[in-house]
Amino acid sequence: MQLNANPFPFEFNVATTALVIIDMQRDFIEPGGFGETLGNDVSLLEAIVPACRAVLAAWRGAGGLVVHTREAHAADLSDCPPAKRNRGNPSLRIGDVGPMGRILIAGEPGNQIIPALAPVPGEIVIDKPGKGAFYATPLHNLLQQAGVTHLLFMGVTTEVCVQTSMREANDRGYEGLLLEDCTESYFPHFKAAAVEMMRAQGAIVGWTAPSAALLQALR
Ligand code: TIU
């Protein structure tokens with residue numbers, strides 16, 4: 001099927017496409033998590049949840065493969081480089097105890113995907129120690145085994161984990177599309193710039209489209 005996208009239409013088949021939802025976990029969306037400890041106003045991000053929910057429901061209805069990622073570290077921090085933990089001057093560092101448990105640690109309350117977008121059995125859940133979804137994870141192998149060639153991206157934050165994941169996917173040969181109203185940044189001008197730079201130069205990294213275009217294609 002064809003999706004009305006930028007900079008030109010995106011051709012895909014549901015059977016060979018996965019919806020990849022990046023890091024829609026409490027750490028970034030709710031107060032008291034990693035996003036806020038870095039000094040960000042997290043309230044902006046919640047606004048995309050209804051659009052993400054509508055896409056997830058439609059994609060599940062079409063029988064499409066769903067991948068959820070979480071930025072997560074092992075409890076002993078063996079997969080967290082000191083350069084990541086020690087960077088800057090956050091109010092709490094990765095592994096410290098915050099209001100939603102230990103910051104960015106797998107299994108802690110803050111590390112769970114928000115209830116509105118919670119995974120269901122049969123969907124892939126990837127815990128990733130980096131910003132990109134492919135670095136130090138089994139994602140590429142799992143997608144290859146499933147015969148996936150095309151990826152639809154949504155999630156947070158646009159210019160950090162979403163953009164890194166789309167670039168990693170592009171270098172691995174996937175055709176990637178970002179759903180414009182299903183991604184957000186703590187910095188609106190960074191979101192705008194990231195969306196533009198991905199689709200510039202003839203889709204140098206990938207395509208972008210409003211979620212309405214996907215919902216229409218699936219109807
Ligand atoms: N800080 C920020 O914008 N993002 C992250 O640290 N991780 C993700 O984007 N998931």
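Note that ligands are numbered from 1 as they come in the structure, with each ligand's atoms numbered from 1 the same way.
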Side chain of Glu123, backbone of Val120: donor and acceptor closer than 3.5 Å?
yes

How would you list, by chain and number, the residues with a heavy atom under 4.0 angstrom from ligand 1?
Asp23, Phe28, Phe34, Leu38, Glu71, Lys131, Val156, Thr157, Val160, Cys161, Tyr186

Taking Val125's backbone N and O only, do any of them form a donor-acceptor pair with Arg70's side chain (distance below 3.5 Å, no angle check)?
no

I'd like to know whether the aromatic ring centres of Tyr174 and Phe153 sit less than 6.0 Å apart in this structure.
no

Using only atom types and a distance under 3.5 Å, with no angle test, would you say the side chain of Lys128 pairs donor to acceptor with the backbone of Cys161?
no

Can you check whether Leu104's main-chain N or O pairs, donor with acceptor, with Glu108's side chain at less than 3.5 Å?
no

Please say yes or no: joined through hydrophobic side-chain contacts below 4.5 Å, possibly via intermediate residues, are Ile22 and Leu143 part of one cluster?
yes

